[in-house]
Amino acid sequence: EESIEEVQEETETLVEDVENTDVNVTGDIIVKFIDVGQADSCLIVTANNDAILIDAGEDRDAEAIIEVISKYDIPDIDLMVLTHPHADHIGGAQTILETYMVKEVMMSSYPATSKLFNNLVATLETLDLTVTQATVGLEKEIDDVDLTVVGVDSIPKDNNNSSVVM
């Protein structure tokens with residue numbers, strides 16, 4: 001039986017391996033996990049250079065995300081999924097929206113009231129972006145990547161439990 005310390009060490013090693021790896025699903029699709037501190041961000045690049053960005057980290061993390069996106073020569077973001085309205089998931093969204101043309105944003109319907117969230121919503125309205133409310137069963141196809149929302153809770157006791165799960 002392993003000790004708690006051994007399990008934690010193994011988990012940290014696995015997380016480091018995932019964070020530092022490009023996952024080539026079919027050779028044509030790239031999945032890049034971006035370390036943004038407490039949370040993670042994920043960039044999916046399709047064979048036709050379409051892009052899906054899942055979460056945007058804190059505000060201070062936006063430049064790191066933009067640096068990764070720029071390595072793949074991506075002109076715009078086809079879908080940005082903001083899994084839930086905590087600062088470590090939506091904080092960098094403002095800068096990314098100012099840097100790239102984002103075609104669509106998907107979010108949970110959790111009624112957040114933070115200043116950061118309200119500013120983000122105002123920016124989305126100003127840019128007249130398509131904002132899709134994530135619901136279980138919602139399907140999106142970006143190039144040859146099929147995404148299905150398998151979980152989202154719009155009335156949880158905690159923002160983390162309102163996360164969009166795909």
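Since the model is a prediction, treat every value here as computed from it, not as a measurement.
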If the condition is side-chain contact (heavy atoms from CB on, under 4.5 Å), which residues does Glu58 pass it with, not counting sequence neighbours?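 For Glu58 the side-chain contact (heavy atoms from CB on, under 4.5 Å) partners, ignoring immediate neighbours, are Arg60, Asp61, Ala87, Asp88.
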Supply the atom-to-atom distance [X] [atom1] to [Y] [atom2], rounded to the nearest 0.5 angstrom.
X      : Y      : atom1 : atom2 : answer
Lys71  : Leu43  : NZ    : CG    : 11.5 Å
Leu138 : Met106 : CG    : CE    : 4.5 Å
Ile66  : Thr99  : CD1   : OG1   : 3.5 Å
Met101 : Leu129 : CE    : CG    : 9.0 Å
Met80  : Tyr100 : CE    : OH    : 10.5 Å
Ile96  : Ile69  : CD1   : CD1   : 5.0 Å

Can you list the steps and then say if Ile90 with Leu116 is a side-chain contact (heavy atoms from CB on, under 4.5 Å)? CA-CA 8 Å; Ile90 67 169; Leu116 176 66; 3.8 Å; yes
Start with the C-alpha gap between Ile54 and Ile44, add the side-chain angles, then the distance that decides, and say whether side-chain contact (heavy atoms from CB on, under 4.5 Å) holds. CA-CA 8 Å; Ile54 303 172; Ile44 302 170; 4.3 Å; yes
Checking the side chain of Asp59 only, and the main-chain atoms of Gly92 only, is there a donor and an acceptor separated by less than 3.5 Å?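 Between the backbone of Gly92 and the side chain of Asp59 there is no qualifying donor-acceptor contact (under 3.5 Å).
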Ignoring hydrogens and geometry, is there a side-chain-to-backbone donor-acceptor pair from Asp143 to Asn48 under 3.5 Å?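 Pair found, side chain donor or acceptor close to backbone of Asn48.
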For Met107 and Val131, run side-chain contact (heavy atoms from CB on, under 4.5 Å): C-alpha distance rounded to whole Å, both residues' side-chain angles, the deciding distance at 0.1 Å, then the answer. CA-CA 7 Å; Met107 304 168 64; Val131 178; 4.1 Å; yes
Return the minimal non-hydrogen interatomic distance between [X] and [Y], and the atom names on each side.
X      : Y      : value
Ala56  : Ala93  : CB-N, 3.4 Å
Ile142 : Thr46  : O-CG2, 3.7 Å
Lys103 : Thr130 : O-CB, 3.9 Å
Cys42  : Val31  : SG-CG1, 3.7 Å

Less than 4.5 Å apart, any side-chain heavy atom of Pro85 and any of Ser108?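 The answer is yes; the side chains approach within 4.5 Å.
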Would you mind reporting whether Leu97 and Leu120 have side-chain heavy atoms less than 4.5 Å apart?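 They are in contact (side-chain heavy atoms under 4.5 Å apart), so the answer is yes.
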Donor-acceptor side-chain pairing of Asp55 and Ser41 below 3.5 angstrom: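 Side chains of Asp55 and Ser41: no pair found under 3.5 Å.
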So, Glu63 versus Thr95: side-chain donor-acceptor pair below 3.5 Å or not?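 Glu63 vs Thr95: no donor-acceptor pair found between side chains.
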More than 12 heavy atoms of other residues, nucleotides or ligands under 6.0 Å from CG of Asp146: yes or no?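 Atom CG in Asp146 is crowded, with more than 12 foreign heavy atoms closer than 6.0 Å.
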Answer yes or no: does atom CD of Glu67 have more than 12 heavy-atom neighbours from other residues, nucleotides or ligands under 6.0 Å?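 It does not: Glu67 CD has 12 such atoms or fewer within range.
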List the steps and the verdict of side-chain contact (heavy atoms from CB on, under 4.5 Å) for Val145 and Leu147. CA-CA 6 Å; Val145 176; Leu147 303 168; 4.0 Å; yes
Do you reckon Val121 sits in the same ILVMFWY cluster as Leu53, going by side-chain contacts under 4.5 Å, direct or chained?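 Yes; tracing contacts between hydrophobic side chains, which count when under 4.5 Å, links both residues.
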